[in-house]
Amino acid sequence: MKIATWNVNSVRARQERLLEWLKSAQPDILCLQELKCTEDDFPMEAVRDAGYHAAVHGQKTYNGVAILAKEEPRDVVKGLSDGVDDTHARLIAATVAGIRVVSAYAPNGQTVDSPQYEYKLEWYGRLRRYLDTRHKPDEALVLGGDWNVAPEDIDTYDPKLWEGQTLFTLKERDALQRLRAFGLTDAYRKLYPDTQRFSWWDYRMLGFPKNLGLRIDHLYVSAPLVPRLTGSDTDREARKGKQPSDHAPVWLELRD
DNA sequence: ATGGCTCGCCTCGCGAGA
């Protein structure tokens with residue numbers, strides 16, 4: 001079983017690339033982030049023609065997440081549903097093939113002194129409570145997303161440069177660590193403890209050709225799935241060429 | 001090579017992304 005996550009930076013701007021990637025990569029499940037459209041504007045028919053069902057939690061202009069799957073997603077839950085007044089469409093969950101799948105788009109955080117940064121830290125706490133109230137660490141669980149946090153030095157092209165900057169501050173890394181402490185394993189890092197592999201590159205300043213990137217898109221799996229992990233990587237090819245997303249898809253493979 | 005930001009929009013310049 002192949003499970004992937006991809007921040008597409010507008011699903012409508014990326015429609016052709018998305019369809020091409022589904023056709024070539026053939027993931028069983030794909031978590032999408034930054035749809036930048038409402039559910040009504042999501043290209044449902046094109047995705048269906050490509051052989052995928054879609055559970056969509058959309059929003060006009062910003063955010064928006066989805067779960068695409070060859071099998072129909074069941075028991076779809078949209079948002080954190082924790083009673084907090086929050087218009088951001090950043091989370092969707094569904095069950096596919098016996099696995100509870102979560103597609104997450106963590107807040108960016110803008111600058112360290114901004115309200116958005118505080119919102120980001122709070123959002124991480126809310127997601128941890130979401131897991132605590134709805135799930136058990138011994139369930140088959142996969143969280144795919146754009147986490148907007150580089151967990152370790154190796155996940156940045158220049159840890160000194162990124163020190164204290166949004167996406168790499170200690171508070172953000174702690175917030176992500178507390179989420180992982182639920183019982184989640186970073187699939188790529190588990191398989192490749194010492195390999196540097198980025199998932200995002202700035203559009204500006206030749207970020208991609210120079211490989212000045214960050215690993216901020218991760219797939220997390222619960223304990224029962226760890227022994228089934230057989231592979232994980234970033235698909236850099238999907239970042240090449242004209243009109244790419246600034247993120248590349250990240251995938252993992254589970255043995256049956 | 002992989003190429004110098006890009007997206008949506010109450011759309012011609014701005015806010016946000018990371």
Side-chain angles (χ1 to χ4, degrees), chain A residues 5-18 20-21 24-25 32-43 56-66 86-91 103-121 123-124 145-173 175-176 196-218 233-250:
Chain A
T5 185
W6 193 9
N7 177 325
V8 288
N9 184 14
S10 170
V11 72
R12 287 179 295 177
R14 225 63 65 202
Q15 183 172 330
E16 289 315 307
R17 277 186 174 262
L18 171 63
E20 279 170 30
W21 194 76
S24 61
L32 292 177
Q33 299 87 36
E34 266 206 281
L35 306 177
K36 290 188 170 178
C37 68
T38 60
E39 184 171 358
D40 285 346
D41 289 331
F42 184 88
V56 178
H57 185 30
Q59 178 186 339
K60 193 179 169 79
T61 313
Y62 302 112
N63 310 313
V65 287
D86 189 344
T87 56
H88 296 206
R90 296 186 175 276
L91 200 85
S103 178
Y105 177 42
N108 168 279
Q110 225 166 58
T111 53
V112 175
D113 56 0
S114 68
Q116 289 92 332
Y117 183 83
E118 291 307 314
Y119 172 71
K120 180 178 192 173
L121 298 178
W123 184 89
Y124 266 98
D146 172 2
W147 301 96
N148 270 319
V149 177
E152 300 177 273
D153 285 3
I154 192 175
D155 300 312
T156 78
Y157 61 86
D158 186 346
K160 275 278 181 285
L161 178 71
W162 279 90
E163 199 178 303
Q165 296 206 55
T166 317
L167 313 192
F168 197 55
T169 64
L170 289 176
K171 280 185 179 179
E172 290 163 271
R173 290 150 73 187
L176 178 59
Q196 188 168 62
R197 189 73 95 234
F198 302 137
S199 66
W200 168 87
W201 300 260
D202 201 315
Y203 282 127
R204 298 163 295 185
M205 298 177 289
L206 297 168
F208 185 63
K210 291 179 177 170
N211 199 28
L212 302 180
L214 302 175
R215 192 177 71 94
I216 55 177
D217 303 88
H218 322 131
D233 208 348
T234 300
D235 185 0
R236 296 186 85 257
E237 294 299 315
R239 181 63 174 79
K240 298 178 182 178
K242 282 196 195 313
Q243 287 189 296
S245 168
D246 44 356
H247 298 252
V250 175

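Reminder, nothing fancy here: chain letters follow the sequence lines and each chain counts from 1. Side chains included, hydrogens not; waters and symmetry mates left out as well; all remaining heavy atoms used. Only a predicted model underlies this, so the values are computations on that prediction, with no experimental measurement involved.
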- Query: If a stem is a run of at least 3 consecutive Watson-Crick or G-U pairs, both distances under 3.5 Å, which stems include DNA chain B?
  - Reply: B:5-9 with B:13-17
- Which nucleotide, B:dC9, B:dT6, B:dG17, lies nearest any side-chain atom of A:Glu34? B:dG17
- Phosphate-side-chain proximity, A:Lys242 and B:dG3, N/O vs OP1/OP2 below 4.0 Å: no
- Item | Residue from A:Gln243, A:His247, A:Lys36 passing side chain to side chain donor-acceptor pair (under 3.5 Å) with A:Asn9 | A:Lys36
- Examine the side chains of A:Thr111 and A:Asp113 and answer whether a donor and an acceptor come within less than 3.5 Å of each other. yes
- Note on the structure: Per atom distances to the A:Ser10 side chain, the nearest of B:dG17, B:dG4, B:dC7 is B:dC7
- Query: In this structure, which one of A:Tyr119, A:Tyr62, A:Tyr105 forms a ring-ring contact (aromatic ring centres under 6.0 Å, His included) with A:His88?
  - Reply: A:Tyr119
- Query: C1' atom, B:dG15 versus B:dC10: distance in rounded Å?
  - Reply: 14 Å
- Query: How would you label the contact of A:Asn211 with the nucleic acid (heavy atoms, under 4.0 Å): base, sugar-phosphate, or nothing?
  - Reply: nothing
- Message: Rounded to whole Å, how long is the line connecting atom CG of A:Asp246 with atom C1' of B:dC7?
- Response: 9 Å
- Query: What is the distance, rounded to the nearest whole Å, between atom CH2 of A:Trp147 and atom P of B:dG17?
  - Reply: 17 Å
- Message: Over all strands shown, is A:Asp202 touching base, sugar-phosphate only, or nothing at heavy-atom distances under 4.0 angstrom?
- Response: nothing
- Task: Can you tell me, in whole Å, how much space there is between the C1' of B:dG8 and that of B:dG3?
- Result: 25 Å
- Item | Phosphate OP1/OP2 of B:dG17 contacted by A:Arg204 side-chain N/O (<4.0 Å) | no
- Looking only at heavy atoms, the pair that brings A:Arg17 and A:Ala238 closest together is NH1-O, 2.9 Å
Mind listing the N/O atom pairs, protein and nucleotides 14-16 of chain B, below 3.5 Å?
none

- How is A:Gly109 classified with respect to the nucleic acid when contacts are heavy atoms under 4.0 Å: base, sugar-phosphate, or nothing? nothing
- Query: When we call it a touch if two heavy atoms are under 4.0 Å apart, what does A:Leu167 touch: a base, just sugar-phosphate, or nothing?
  - Reply: sugar-phosphate
- Query: Are any of A:Arg12's side-chain N or O atoms less than 4.0 Å away from OP1 or OP2 of B:dC9?
  - Reply: yes
- Could you pick out which residue, A:Lys210 or A:Thr166, lies toward the 5' side of DNA chain B when each is mapped onto its nearest nucleotide? A:Lys210
- Message: Can you measure A:Gln243 atom CD to B:dG8 atom C1' for me and round it to whole angstrom units?
- Response: 14 Å
- Query: Rounded to the Å, how far apart are A:Tyr203 OH and B:dT6 C1'?
  - Reply: 5 Å
- Message: Taking only the C1' atom of each, what is the distance from B:dC7 to B:dA1 in whole angstrom?
- Response: 26 Å
- Task: Answer yes or no: is there a side-chain heavy-atom contact under 4.5 Å between A:Asp246 and A:Asp202?
- Result: no
- Message: From C-beta outward on A:Lys60, which listed nucleotide comes closest to its side chain: B:dC10, B:dC7, B:dT2?
- Response: B:dC10
- Message: So does A:Gly64 get a backbone contact from the side chain of A:Arg90, meaning a donor-acceptor N/O pair under 3.5 Å?
- Response: no
- Task: Round to the nearest Å and state the distance from A:Asn7 atom CG to B:dG17 atom P.
- Result: 11 Å
- Message: Angle between ring planes, A:Trp147 versus A:Tyr124, binned at 30° and 60°: parallel, tilted or perpendicular?
- Response: tilted
- With a non-hydrogen cut-off below 4.0 angstrom, is A:Asp41 in contact with a base, only sugar-phosphate, or nothing? nothing
- Judged by nearest nucleotide, the residue sitting upstream toward the 5' end of DNA chain B, A:Gly207 or A:Tyr105, is A:Gly207
- Task: Kindly compute the distance separating CG (A:Asp217) from OG1 (A:Thr234), expressed to the nearest 0.5 Å.
- Result: 8.0 Å
- Query: Are side-chain heavy atoms of A:Trp201 and A:Asn211 found at a separation under 4.5 Å?
  - Reply: yes
- Message: Expressed as a whole number of angstroms, how long is the span from A:Arg236:CZ to B:dA1:P?
- Response: 15 Å
- Verify whether one side chain among A:Thr166 and A:Glu172 offers a donor that lies under 3.5 Å from an acceptor in the other. no
- Task: Rounded off to whole Å, could you give me the CZ-to-P distance for the A:Arg17 and B:dT6 pair?
- Result: 11 Å
- How would you list, by chain and number, every residue that makes a side chain to side chain contact (heavy atoms under 4.5 Å, CB included) with A:Gln116, sequence neighbours excluded? A:Gln110, A:Ser114
- If the P atom of B:dC9 is compared with that of B:dG4, how far apart are they to the nearest Å? 24 Å
- Message: How many whole angstroms separate atom CE of A:Met205 from atom C1' of B:dT6?
- Response: 14 Å
- Nearest-neighbour nucleotide for the A:Arg14 side chain, B:dT2, B:dT6, B:dC10 considered: B:dT6
